[in-house]
Colleague: 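Pasting in a structure now, in structure tokens, and then I'll have a few things to ask.
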Amino acid sequence: RPLNPGDRRTDRIDPPGNGPVSPEKVFELNKLKNRSADHDGPDAIVQLPRNFDPSKPIHLVIYNHGWGDTVKSSFQNANLGPQMADAPPNTVLILPEWQKDAGASNGNQGRFKEDGRFNAMLQEILDKTPGLSGKTLRDVQTIGIIAHSAGYNAAQTEIKDMNGLGSKITSITLLDANYNNTG
């Protein structure tokens, strides 16, 4: 189906440093219906690997940034693009903006913590990313979740909100993200 103007934005992001744009395809997705809050900046960043084959099963890596970061700053500051270069074939990196106020120094998830929101956001990301459109969550073979710092909040929400996809989670990685959640 055709998208409304402004419904999808697919800008390439230059990798850190002064080098050329990597051969991987990196997309910013803005103004998602299932986003955490109405904020400026991307609601998600998606990186498809070089030689992505949409006919094969998809392996997702979901990276949840820490506080003081946004999806865009964490993608660049943590050098995630180049780190994904050696990932197994068909591994797709997704950075969802989970914070109510992107870049804040808190764990406030806004609408992200609502039941069903993450699953709906994930499907919307698939629908709006060139190369993934037409795919469903059933086409995802494995899911790895990474949380940095306050990103543990989002990771907990994602694990809780998998709606039958929990058996696809093959790894959970906490990077300075093991805190006592009191709320």
Side-chain angles (χ1 to χ4, degrees), residues 8-19 21-22 24-49 59-87 91-114 117-126 128-129 132 143-162 169 171-183:
R8 171 177 70 180
R9 189 171 146 201
T10 56
D11 297 330
R12 290 183 65 105
I13 298 174
D14 290 330
N18 297 323
V21 173
S22 88
E24 293 84 7
K25 296 176 184 168
V26 178
F27 303 95
E28 287 184 11
L29 296 159
N30 294 288
K31 308 263 187 254
L32 296 175
K33 292 176 190 170
N34 294 292
R35 59 193 182 149
S36 60
D38 300 331
H39 48 68
D40 294 329
D43 296 315
I45 290 180
V46 181
Q47 177 177 318
L48 297 179
H59 306 282
L60 292 184
V61 171
I62 300 166
Y63 182 91
N64 300 294
H65 68 77
W67 67 8
D69 258 328
T70 64
V71 291
K72 193 167 185 171
S73 68
S74 65
F75 181 79
Q76 293 175 342
N77 295 340
N79 208 24
L80 295 176
Q83 290 191 57
M84 292 299 295
D86 292 327
T91 300
V92 175
L93 174 65
I94 296 177
L95 289 80
E97 183 52 73
W98 60 268
Q99 281 187 306
K100 178 180 179 185
D101 299 307
S105 293
N106 62 54
N108 188 339
Q109 297 180 68
R111 295 186 301 250
F112 193 81
K113 67 181 176 183
E114 295 172 359
R117 176 70 61 163
F118 174 67
N119 237 18
M121 180 189 213
L122 197 52
Q123 184 58 59
E124 187 177 0
I125 288 168
L126 294 177
K128 293 186 176 185
T129 301
L132 295 175
I143 301 171
I145 297 175
I146 302 171
H148 174 241
S149 186
Y152 77 91
N153 291 294
Q156 288 177 336
T157 296
E158 292 161 358
I159 292 164
K160 180 182 124 233
D161 199 30
M162 281 293 165
I169 297 173
S171 66
I172 299 170
T173 304
L174 303 176
L175 305 170
D176 189 26
N178 194 14
Y179 300 98
N180 181 20
N181 185 2
T182 58

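Residue numbers start at 1 and run along the sequence shown. Model, not experiment: these values are computed from the prediction.
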Colleague: CG/Asn79 to CE/Met84 distance, rounded to the nearest 0.5 angstrom?
Modeller: 12.5 Å

Colleague: Looking at NZ of Lys128 and CD of Gln123, how far apart are the two atoms once the value is rounded to the nearest 0.5 Å?
Modeller: 11.5 Å

Colleague: Under the salt bridge (Lys or Arg N to Asp or Glu O under 4.0 Å) rule, collect the residues that match up with Asp43, sequence neighbours excluded.
Modeller: Arg35

Colleague: If every non-hydrogen atom of Pro96 is compared with every non-hydrogen atom of Ile62, which pair is closest and at what distance?
Modeller: CD-CG2, 3.8 Å

Colleague: Measure the NZ-NZ distance between Lys160 and Lys113 for me, rounded to the nearest 0.5 Å.
Modeller: 9.5 Å

Colleague: Could you tell me which residues satisfy side chain to side chain donor-acceptor pair (under 3.5 Å) with Gln83, sequence neighbours excluded, listed by chain and number?
Modeller: none

Colleague: Mind checking whether Asn64 and Glu158 have side chains closer than 4.5 Å, heavy atoms only?
Modeller: yes

Colleague: Just jot down the side chain to side chain contact (heavy atoms under 4.5 Å, CB included) partners of Ile169, sequence neighbours excluded, or say none.
Modeller: Ile143, Ile145, Ile159, Met162, Ile172

Colleague: Got a donor-acceptor contact below 3.5 angstrom from the Trp98 side chain to the His65 backbone?
Modeller: yes

Colleague: Just verifying a value: how many Å separate Leu122 CG and Leu60 CG, rounded to the nearest 0.5 Å?
Modeller: 6.0 Å

Colleague: Looking at Thr129 and Ile125, would you say the former's side chain and the latter's main chain have a donor-acceptor pair under 3.5 Å?
Modeller: yes

Colleague: Suppose we screen for side chain to side chain donor-acceptor pair (under 3.5 Å). Which residues come up paired with Ser73, at least two apart in sequence or across chains?
Modeller: Asp69, Thr70

Colleague: Which pair of non-hydrogen atoms, one from Ala155 and one from Ala147, has the smallest distance, and what is that distance?
Modeller: CB-CB, 3.9 Å

Colleague: Quick one, Phe27 and Gln47 - any side-chain contact, counting heavy atoms below 4.5 Å?
Modeller: no

Colleague: Which residues pass the side chain to side chain contact (heavy atoms under 4.5 Å, CB included) test with Ile146, sequence neighbours left out?
Modeller: Val61, Tyr63, Thr173, Leu175

Colleague: With side chains defined as the heavy atoms from C-beta onward, is the minimum distance between Ile94 and Ile45 less than 4.5 Å?
Modeller: no

Colleague: Sorted by first residue and then second, give each side chain to side chain donor-acceptor pair (under 3.5 Å) pair with at least one member in residues 99-111; sequence neighbours left out.
Modeller: Asp38-Arg111, Gln109-Thr157

Colleague: Do Leu48 and Leu132 have side-chain heavy atoms sitting under 4.5 Å apart?
Modeller: yes

Colleague: Which value, rounded to the nearest 0.5 Å, describes the distance between Lys72 atom NZ and Asn77 atom CG?
Modeller: 12.0 Å

Colleague: Who are the side chain to side chain contact (heavy atoms under 4.5 Å, CB included) partners of Ala120, not counting sequence neighbours?
Modeller: Asn34

Colleague: Any idea which heavy atoms bring Val71 and Glu97 closest together, and the distance?
Modeller: N-OE1, 3.1 Å

Colleague: Looking at every heavy atom in both Leu32 and Ala44, which two are closest together, and how far apart are they?
Modeller: CD1-CB, 4.3 Å

Colleague: Please name all residues satisfying ring pair (Phe, Tyr, Trp, His ring centres under 6.0 Å) with Phe112, sequence neighbours left out, ordered by chain then number.
Modeller: Phe118

